[in-house]
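Written out below as structure tokens is the structure these notes cover.
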Amino acid sequence: MGMIDSNFIDACYGNNRGTIPIWIMRQAGRYLPEYRAIREKVSFEDLCRSPKLIAEVVRQPVHRFGLDAAILFSDILTVLEPMGMQVSFPDGGPKLANPITSPDDVRRLQDIDVDKSLSFVADAYGEIRKVLPDTPVIGFAGSPFTLMCYMIQGKGSNNFDKPKQFLHKFPAAAEELVNLLQSVVSKYLAMQIKAGANAVQIFDSWGGILSKDDYLDWSARPVNAIFRSLETYEVPRILFVNNIAPYLDILKTVDCEAVGVDYRTDIADVAAALPNKAVQGNLDPSVLFNTRERVVERTLQILDSLEDHQNLIFNLGHGIQPETPISNVEAVVETVHRYRS
Ligand code: CP3
């Protein structure tokens, strides 16, 4: 379990003396023609439930670019379906047919047996290991607050006003919901580790919209409880926070090996504020639409800004976008891999 020789894993623990590792947030996806070819034949929902196809789309970017880590192909919302939420992706974006609007809706949700209801995810790890025997595989889940955002808003949003209001209108029901999600996500990540995940990442994509007090109560606290429940597995735990800068003092108290840094934040500031954690990030995905020269320059700017490269995992500062030119992804990978050799 979890035993694999890799610069990525070493960097998570702050002791990588080799090539700087890189993987790309949302690396399997529509910017790749080989992914689009599979999606022509199968819906996103069906793909997420097909272990062999999952392994194929996980493999594609790793082999194309020579990336240092793979990530499970799934969605943060997959875990919500067996809990009783109706999730679909009608035109790419998520849509929940029965959003949570009241405390009664929270009571109707199911705690789940992850081994039973998400067995296709465990099976996917077996298939991934067959096609990527030596590559570390990252397991993932959404943070309880980020999952709540979609459960209550019912779809994507820029400000998620409904979930923010729910926290203050129905604090007892919100606490019930966050506790249920904390328990389910803990079990789900433990299952992924037992099935073969070599590291785990929690995506806190929307915690960054909260005031500091609310971030501590509603996001950092449950995330920390989840990470602590996973401590015994001895795999690196990564927390990505989209808009991390306001919460650096809170993150000192979160038990994880690495933090993912969004593109708005200065990654050197995060490294300085959290000296005992590795940093992952944080090239702005939009920069990949610029010229190759500018892409290389911005990549080097991040690399040069850091004094210590033993604890760096290079990545984008949020997900790669569907129309991204592939040659610019190659330029980033090449620049990162050459930097220290
Ligand atoms: O290689 C990978 O990283 C793919 C696995 C993956 C997906 N979603 C597949 C996906 C991962 C790690 C996610 C995480 C995810 N999903 C997050 C956290 C990361 C972030 O962006 O902040 C969030 C918020 C979601 C919810 C979600 N799912 C959104 C907002 C969307 C639509 C936007 C988009 O990027 O398309 C999805 C759909 C989705 N999830 C797709 C993929 C490949 C597109 C579906 C398709 O192929 O048509």
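Note that ligands are numbered from 1 as they come in the structure, with each ligand's atoms numbered from 1 the same way.
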Worksheet item: Who's the nearest protein heavy-atom neighbour of atom 32 (C) of ligand 1, and how far?
Response: G92 O, 3.4 Å
Worksheet item: If you count the atoms of ligand 1 from 1 in the order shown, which ones are under 4.0 Å from a heavy atom of I71?
Response: 1 (O), 2 (C), 3 (O)
Worksheet item: Would a 4.5 Å heavy-atom cut-off, applied to side chains only, mark L53 and F73 as touching?
Response: no
Worksheet entry | Nearest option to atom 11 (C) of ligand 1, as decided by whichever heavy atom of F140, F240, Y150 sits closest | F140
Discussion item. Show the atoms of ligand 1 that are less than 4.0 angstrom away from any heavy atom in Q27.
Written reply: 1 (O), 2 (C), 3 (O)
Worksheet item: Any salt bridge between R292 and E334, counting N to O under 4.0 Å?
Response: yes
Discussion item. Just to confirm my output: which protein heavy-atom neighbour is closest to atom 36 (O) of ligand 1, and how far is it?
Written reply: R30 NH2, 2.3 Å
Worksheet item: With under 30° as parallel and over 60° as perpendicular, where do the rings of Y150 and W206 fit, or are they tilted in between?
Response: perpendicular
Discussion item. Please state which option from W23, F44, Y31 has its nearest heavy atom closest to atom 41 (C) of ligand 1.
Written reply: F44
Discussion item. Taking the side chain as everything from C-beta on, heavy atoms only, tell me whether D113 gets closer than 4.5 Å to K187.
Written reply: no
Worksheet item: Is the shortest distance from a heavy atom of H318 to ligand 1 less than 4.0 Å?
Response: yes
Item to complete: Have a look at L47, V58, I76 and point out the one with the heavy atom closest to atom 23 (C) of ligand 1.
Response: I76
Worksheet entry | Non-hydrogen side-chain atoms of Y188 and Q192 separated by less than 4.5 Å | yes
Worksheet item: Are F160 and F145 close enough that their ring centres sit under 6.0 Å apart?
Response: no
Worksheet item: With a cut-off of 4.0 Å, which atoms of ligand 1 are near a heavy atom of P94?
Response: 27 (C), 29 (C), 30 (C), 31 (C), 32 (C)
Practice prompt. Could you tell me whether E231 and R228 make a salt bridge, using a distance below 4.0 angstrom between a side-chain N and a carboxylate O?
Written response: no
Fill in: I20, V270, L312 screened by side chain to side chain contact (heavy atoms under 4.5 Å, CB included) with L306, the one that passes
L312
Fill in: Carboxylate-amine/guanidinium proximity below 4.0 Å for D104 and R107
yes
Fill in: Y35, F73, W206: member with heavy atom nearest to atom 4 (C) of ligand 1
F73
Worksheet entry | Short N-O contact, R108 and D105, less than 4.0 angstrom | yes
Worksheet item: Given A28, G156, S74, which one has a non-hydrogen atom that is nearest to atom 5 (C) of ligand 1?
Response: S74
Item to complete: Would you mind checking which non-hydrogen protein atom is closest to atom 16 (N) of ligand 1, with the distance to 0.1 Å?
Response: D75 OD1, 3.0 Å
Discussion item. Out of all atoms in ligand 1, which are within 4.0 Å of some heavy atom of G93? Include the element for each.
Written reply: 32 (C)
Worksheet item: Under 3.5 Å between some N or O of ligand 1 and some N or O of S205?
Response: yes
Worksheet entry | Subset of ligand 1 atoms that lie under 4.0 Å from at least one heavy atom of R39 | 46 (C), 47 (O), 48 (O)
Item to complete: Check L72 against ligand 1 and report side chain, backbone, both or neither, counting heavy atoms closer than 4.0 Å.
Response: backbone
Worksheet item: Nearest to atom 3 (O) of ligand 1, what protein heavy atom do you find, and at what distance?
Response: R26 CA, 3.0 Å
Fill in: Heavy-atom side-chain contact between V200 and Y233 under 4.5 Å
no
